[in-house]
Amino acid sequence: MKSILKEAKVKKTSPFSPSSQKTRELLCELCRNFYDLGWASGTGGGISIKDGDHIYMAPSGVQKERLNPEDIFVLDLDGNIVEEPGRGLKLSQCAPLFMHAYKIRNAGAVLHSHSVNAATATMLFDKSFRIKNMEMQKGVEGYGAFDTLEVPIIENTAYECELADSLDETIKNNPKSHAVLVRRHGVYVWGKDWKQAKTHAECYDYLFEAAGRMKQLGISLEK
Ligand SMILES: [Zn+2]
């Protein structure tokens, strides 16, 4: 006998357009990648991607590795919410900070990592992180292997949203940088699209880790 249940099974369709569904799925996948790297543990960190006239953003204070496509917020290019998931989910605290990189740098994706490498790198320097002569610098647009790469550091605040003004000023004052470190907290990184933002974030994180190890080994970062 044919299974009635099998015949009655209705194919589940997405309530989103194919392009929106694809971006939402990509964002969830990147959140899982970044969680595995230790950049988004304890619900920390955040990520957003621009697609046409919309910015897709992971919600605040949730398990980033367990996000579903329907959990994502969609904003317009001025930062106004155009689609929200409901169910008590809140827009990321990083939203106004992400918007600065979109507006000032015309970024295509912005992410915020709570990486231990980024947090500890801010304790090695005063106003800006500096490293030189590292091959992985080539992964950051505008830098060669024998340059000195700098990333400005801003002071942390009690609430993420309070970082907005200093982040805005620092992005404007450091046109060559694709990242801003936050003292004892993490880093904001962006790129012209999600692939470049991901590449930048991986290269910066490698350089933050390398600087920490060099310091441990007593190797000068000025060499
Ligand atoms: Zn944070």
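In listed order, ligands and their atoms are each counted from 1. Numbers here simply count residues along the sequence, with the first being 1.
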Checking Lys138 against Phe146: charged group under 6.0 Å from the ring centre and within 45 degrees of the axis?
no
Side-chain donor-acceptor pair present, His112, Glu160, cut-off under 3.5 Å:
yes
What's the atom name of the N, O or S in His112 nearest to the Zn ion (ligand 1)?
NE2
Starting from the Zn ion (ligand 1), look over the N/O/S atoms of His185 and name the nearest one.
NE2
Should the ring pair Phe125 and Phe129 be called parallel, tilted or perpendicular, given that the plane angle runs from 0 to 90° and is split at 30 and 60?
perpendicular
For Phe73, does its backbone N or O pair with a side-chain atom of Arg24 as donor and acceptor, under 3.5 Å?
no
How wide is the angle at the Zn ion (ligand 1) between NE2 of His114 and OE2 of Glu160, to the nearest 10°?
170°
